[in-house]
Amino acid sequence: MDYQRLAALMFPQELKTPEEYEALFPVRNLPEGAKITRMAPSPTGFMHLGNLFGAIVDERLAHLSGGKFILRIEDTDLKRQVPGAVELITRVFGQYGLNIDEGVTSDGEIGEYGPYYQRQRAPIYQAFAKKLVLEGKAYPCFCTEQDLENMRNLQEQRHENPGYYGEYAVHRDMDVDTVEQLIKEGKPFVVRFRSTGDPDKTVTIDDQIKGKISVPENNQDFVLLKSDGIPTYHFAHVVDDHLMRTSVVVRGEEWLSTLNWHIQLFGALGFKMPKFAHTSHMMKVDGDKKRKLSKRKDPEASLDFYRTEGYPPESVKEYLMTVINSNFEDWRIANPTAPLETFPFSLKKMSVSGTLFDMDKFRDVSKNVIARMSAEEVYDRVVDWAQEFDQDLYNCLTRDPDYAKSILAIGRGGKKPRKDLALWSEVKDYLSFFYDELFNPDYTMPENVAKEDVARILADYGDIYNPEVDMTEWFNAICQYSGTIGFASSTKEYKQNPEQFRGSPGDTSMVLRVAVCGRQNSPDLFSCMQILGADKVKARLQEALNKLN
RNA sequence: GGCCCUAUGGUCAAGAGGCCUAAGACACCGCCCUUUCACGGCGGUAACACGAGUUCGAAUCUCGUUAGGGUCACCA
């Protein structure tokens with residue numbers, strides 16, 4: 001077989017040699033142990049929680065080891081491309097604080113191992129494909145989609161494995177004259193790998209997460225270059241990760257099934273294999289079954305969900321860390337305020353089995369994240385969120401920032417901070433009663449307080465309330481007043497003989513709370529009254545009294 | 001169906017042959033603290049998928065079964 005002639009027919013264009021590329025992208029000069037990782041999303045306009053999961057692993061691995069983290073765009077499939085998708089990707093990286101050392105950023109490409117868009121790397125892949133053709137390790141295939149479908153049907157009928165292999169690899173040994181003829185006729189062709197694998201033999205690799213994995217050798221003549229000269233994932237992955245000198249390939253375990261293709265290709269091209277780390281999937285319960293988080297069925301699969309709902313990126317990251325590294329939670333308890341970056345992340349601690357996404361757990365994590373923030377920071381974040389997603393809330397918050405911050409400061413800080421908020425979209429309801437236009441009172445009074453007592457408290461308290469005094473004195477006044485209307489004048493007293501009283505100071509407070517806040521649950525009532533101011537408190541009491549009748 | 005991966009409470013998980021009468025977190029329940037709530041404290045319910053084998057000894061090693069997941073494209 002005249003491979004020289006075959007290669008010339010298949011690749012008439014001017015191409016650099018593989019050796020030239022090797023020289024162009026030399027092995028990196030990095031300290032011992034430094035890891036090169038890469039995230040390689042497709043610009044589909046959708047960022048999956050799993051993408052972030054992988055990106056965090058990549059980023060931590062690289063930066064904890066003094067290596068490099070690369071962002072490469074896998075835009076080889078034109079059909080799936082969506083305008084603005086790359087911007088979405090870089091925006092997400094920015095939001096989540098995943099700093100790229102090399103590759104595509106919001107300010108263009110950086111780094112010496114580019115281009116980092118695969119489409120722009122077409123000549124590189126072609127050069128290496130040509131090398132394989134010259135060595136008899138690849139060949140053109142002129143099968144149409146229809147041909148392949150017919151083949152699959154036949155294989156299904158015969159209960160044989162589907163695919164392009166063995167006797168089904170019909171164009172494998174086509175003579176060069178025929179190839180020339182077909183090319184002259186303008187027939188499109190793909191470039192296929194000529195597999196020499198024996199499926200009865202197995203090949204074993206040591207995965208960084210899963211440990212030893214044994215798979216049968218590949219015998220499929222899979223496609224290297226599509227008919228438009230653009231590579232498939234498999235070929236692009238091998239060429240890119242070699243030339244970019246990636247040292248650890250982190251990717252989802254769905255790639256395990258074609259791992260033998262990649263192993264074979266690294267061998268055929270004479271490339272040193274990188275290490276592999278196959279991550280398990282995020283799962284979700286669907287009825288009584290578990291399945292992979294689905295972009296179509298599960299809103300929480302999309303990173304956009306967290307943004308629109310108002311979950312801080314830190315919360316998502318923090319939650320993912322609890323899943324990624326089993327010792328993270330203990331570390332966080334021991335180091336409540338330490339930056340995430342100081343956690344000693346390790347691949348060894350990664351789970352090998354699929355993890356169910358746990359919304360309860362996630363909310364808990366997020367509450368803790370938000371509880372650690374200052375009122376100032378919460379204010380800034382909520383305003384940013386509201387500006388985009390809740391104009392009413394935005395208007396309220398920005399009208400008087402100090403007022404808003406004083407609300408958000410209630411019970412914040414200290415040893416036992418309040419944990420009311422898990423996400424920004426809960427803020428509006430949380431503080432609605434501080435704003436007249438959001439105030440939507442439910443005047444349901446505590447059942448154990450007689451209606452005439454309610455009316456009396458509401459009528460009397462306006463004159464009793466003194467905004468000048470501190471919390472202790474404020475509560476003492478309520479206690480004292482309670483004593484004058486047949487209520488106990490202390491909680492202790494009431495508890496000793498509940499039947500002797502019409503109510504307790506707690507009941508009095510609850511009546512006031514319902515009137516002032518329009519609900520039975522609120523942060524500390526004293527603080528609420530302080531922030532609202534005496535005039536507003538009195539107006540609210542009157543309003544509630546009017547509604548009573 | 002073939003191939004591959006996985007299997008400890010409802011969920012995430014600790015666990016590397018004896019430290020296991022099996023950690024911890026979330027959720028749930030109870031009690032305490034308390035002007036309600038949110039916190040916080042204390043306690044509780046709840047698990048090694050099944051069957052063989054190896055071994056003095058198995059959650060841990062091996063095999064099988066079962067169950068779940070993934071994958072079988074000119075998609076990634």
Side-chain angles (χ1 to χ4, degrees), chain A residues 40-42 44 74-80 118 141 143-145 148-149 152 156 159-164 188-192 199 202 207 210 213-216 220 222-228 230-234 236-237 251-260 278 280-281 283 285 289-292 319 322-323 326-330 332-333 349 351-365 367 371 410-411 414-421 430 446 471 474-475 478-479 482 491 504-514 517 519-526:
Chain A
S42 291
T44 59
E74 306 227 323
D75 56 354
T76 54
D77 186 7
L78 227 39
K79 293 189 288 294
R80 307 209 314 175
Q118 288 182 329
C141 167
C143 285
T144 62
E145 280 187 45
L148 297 173
E149 200 188 317
R152 268 193 295 274
E156 200 174 322
H159 301 288
E160 291 184 44
N161 286 333
Y164 201 93
F189 64 91
V190 300
V191 181
R192 285 188 184 270
T202 60
D207 187 84
K210 302 229 178 223
I213 296 173
S214 303
V215 288
Q220 298 271 345
F222 57 89
V223 174
L224 264 19
L225 293 180
K226 300 185 262 189
S227 54
D228 59 359
I230 298 298
T232 57
Y233 168 84
H234 313 288
H237 147 58
R251 56 168 30 166
E253 65 183 347
E254 69 272 19
W255 293 110
L256 242 28
S257 58
T258 42
L259 179 59
N260 54 173
H278 288 94
S280 48
H281 288 141
M283 313 292 282
V285 175
K289 304 229 172 205
K290 267 200 212 177
R291 60 169 168 74
K292 199 171 154 184
Y319 171 69
T322 68
V323 172
S326 50
N327 54 332
F328 178 78
E329 279 187 88
D330 289 338
R332 177 48 86 200
I333 291 166
K349 289 281 182 184
S351 171
V352 289
S353 53
T355 299
L356 238 35
F357 183 84
D358 185 343
M359 202 39 129
D360 283 327
K361 182 84 172 188
F362 173 53
R363 282 182 58 84
D364 182 70
V365 168
K367 280 185 180 181
I410 300 173
K415 268 203 151 43
K416 297 191 281 185
R418 295 190 67 87
K419 297 179 180 174
D420 300 283
L421 303 168
Y430 174 69
M471 194 200 278
W474 167 85
F475 189 60
I478 288 175
C479 289
S482 299
T491 307
S504 69
D507 293 326
T508 311
S509 304
M510 182 54 90
V511 169
L512 297 172
R513 170 173 292 107
V514 171
C517 305
R519 56 175 77 172
Q520 293 201 355
N521 302 339
S522 78
D524 162 53
L525 184 57
F526 169 77

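Computed from heavy atoms alone, side chains included, the values below leave out hydrogens, waters and symmetry copies.
- The nearest whole Å value for the distance from the CZ atom in A/F222 to the C1' atom in B/rC75 is 15 Å.
- When Watson-Crick and G-U wobble pairs are counted only if both distances are under 3.5 Å, B/rC37 pairs with no nucleotide at all.
- Between the side chain of A/S42 and the backbone N or O of A/T44 there is no donor-acceptor pair closer than 3.5 Å.
- With a cut-off of 3.5 Å on both pairing distances, B/rU54 has no Watson-Crick or G-U wobble partner at all.
- Going from the C1' atom of B/rA22 to that of B/rC31 covers 27 Å, rounded to whole Å.
- Remark: the A/K361 side chain and the B/rA27 base include no donor-acceptor N/O pair separated by less than 3.5 Å.
- For B/rC33 and B/rG40, the C1' atoms lie 8 Å apart once the distance is rounded to whole Å.
- At least one donor-acceptor pair closer than 3.5 Å links the side chain of A/T232 to the backbone N or O of A/V223.
- If you measure from atom CG of A/L356 to atom P of B/rG70, you get 12 Å, rounded to the nearest angstrom.
- Considering only the side chain of A/D420, B/rA38 comes nearest among B/rA38, B/rC74, B/rU11.
- Checking the phosphate oxygens (OP1, OP2) of B/rA38, no side-chain nitrogen or oxygen of A/S522 falls inside 4.0 Å.
- Below the 3.5 angstrom threshold, one finds a donor paired with an acceptor across the side chain of A/R513 and the base of B/rU35.
- For A/R418, the listed nucleotide lying nearest its side chain is B/rC37; candidates were B/rC37, B/rC74, B/rC12.
- Looking only at side-chain heavy atoms (C-beta outward), A/S280 and A/V352 stay at 4.5 Å or farther from each other.
- Figure legend. B/rA73 is base-paired to no nucleotide; pairs are counted as Watson-Crick or G-U wobble with both atom distances under 3.5 Å.
- Under the side chain to side chain donor-acceptor pair (under 3.5 Å) test applied with A/H237, the options A/E74, A/R251, A/Q118 reduce to a single match, A/R251.
- B/rU21 and B/rA16 have their P atoms separated by 14 Å, given to the nearest Å.
- Atom CH2 of A/W255 and atom P of B/rC75 are 11 Å apart (whole Å).
- With rounding to whole Å, A/D360 atom CG is found 11 Å from B/rC26 atom P.
- The backbone N or O of A/M359 sits nowhere less than 3.5 Å from a side-chain atom of A/Y319 that would complete a donor-acceptor pair.
- Formation of a donor-acceptor pair under 3.5 Å by the A/S326 side chain with backbone atoms of A/T322 is not found in this model.
- Note on A/R192: a side-chain N or O is less than 4.0 Å away from OP1 or OP2 of B/rC74.
- Two residues are said to be in side-chain contact when any heavy atoms from C-beta on lie closer than 4.5 Å; A/H278 and A/L259 meet this criterion.
- Proximity of A/T258 to the phosphate of B/rC72: no side-chain N or O atom is located under 4.0 Å from OP1 or OP2.
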Report all interatomic pairs (protein N or O, nucleotide N or O of nucleotides 1-6 of chain B) with separations under 3.5 Å.
residue, atom, partner, partner atom, Å
B/rC5, O2', A/K210, NZ, 2.8

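- Atom name C1', nucleotides B/rG44 and B/rG9: the rounded distance is 14 Å, in whole Å.
- If you check B/rA59 for Watson-Crick or wobble pairing at under 3.5 angstrom, you find it has no partner at all.
- Both thresholds, 5.5 Å between centres and 30° between ring planes, are met by A/F475 relative to the base of B/rU35, so the two rings are stacked.
- Between the C1' atom of B/rC37 and the CZ atom of A/R519 lies a distance of 10 Å, rounded to the nearest Å.
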Mind listing the N/O atom pairs, protein and nucleotides 31-33 of chain B, below 3.5 Å?
none

For nucleotides 40-44 of chain B, list the nitrogen or oxygen atoms of the protein found under 3.5 Å from its nitrogen or oxygen atoms, one pair per line.
residue, atom, partner, partner atom, Å
B/rG40, OP1, A/K419, NZ, 3.0

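- A/T44 has no side-chain polar atom (N or O) that falls below the 4.0 Å cut-off from OP1 or OP2 of B/rA76.
- Within the structure, every side-chain polar atom (N or O) of A/S227 is placed at least 4.0 Å from both OP1 and OP2 of B/rC74.
- If you measure from atom CD of A/E145 to atom C1' of B/rC74, you get 7 Å, rounded to the nearest angstrom.
- Within the 3.5 Å criterion, the main-chain N or O of A/F328 finds no donor-acceptor partner in the side chain of A/K349.
- By the 4.5 Å heavy-atom criterion applied to side chains, A/T491 and A/S504 are not counted as neighbours.
- Below 30°, between 30° and 60°, or above 60°: for A/Y233 and A/W255 the angle between ring planes is below 30°, a parallel geometry.
- The distance between atom CZ of A/F357 and atom C1' of B/rA13, rounded to the nearest whole Å, is 17 Å.
- An OP1 or OP2 oxygen of B/rA14 is reached within less than 4.0 angstrom by no side-chain nitrogen or oxygen of A/K349.
- Between A/P231 and A/T76 there is a side-chain heavy-atom pair separated by less than 4.5 Å.
- Here, B/rG15 and B/rA59 have their C1' atoms 8 Å apart, quoted to the whole Å.
- Taking the side chain of A/H281 as heavy atoms from C-beta on, and the options B/rA76, B/rU35, B/rG70, the nearest nucleotide is B/rG70.
- Both distances falling under 3.5 Å, in either a Watson-Crick or a G-U wobble arrangement, place B/rG24 opposite B/rC12.
- Counted by atom type alone, A/S214 and A/T202 present zero donor-acceptor pairs between their side chains at under 3.5 Å.
- Comparing the P positions of B/rC61 and B/rA14 gives a spacing of 14 Å, expressed to the nearest Å.
- Pairing for B/rU66 is with B/rA7, a Watson-Crick or G-U wobble pair whose two hydrogen-bonding atom distances lie under 3.5 Å.
- With the nearest nucleotide of RNA chain B identified for both A/H234 and A/D358, A/D358 has the one nearer the 5' end.
- Counting only heavy atoms from C-beta on, A/T491 has its side chain closest to B/rU35 among B/rU35, B/rC74, B/rC12.
- Residues A/F362 and A/F357 have side chains in contact (heavy-atom distance under 4.5 Å, counting atoms from C-beta outward).
- Here CD1 of A/I410 is found 9.0 Å from CG of A/D420. Values are rounded to the nearest 0.5 Å.
- Remark: C1' of B/rG70 and CD of A/E254 are 8 Å apart, rounded to the nearest angstrom.
- With both pairing distances under 3.5 Å, B/rG43 is matched to B/rC29 as a Watson-Crick or G-U wobble pair.
- Taking the P atom of each, B/rC28 and B/rG18 are spaced 36 Å apart, rounded to whole Å.
- Phosphate proximity of B/rA76 to A/K226: present, with a side-chain N or O under 4.0 Å from OP1 or OP2.
- On the P atoms, B/rA25 is 39 Å away from B/rG64, given to the nearest whole Å.
- Contact check for A/L78 versus A/I230: no side-chain heavy atoms found under the 4.5 Å cut-off.
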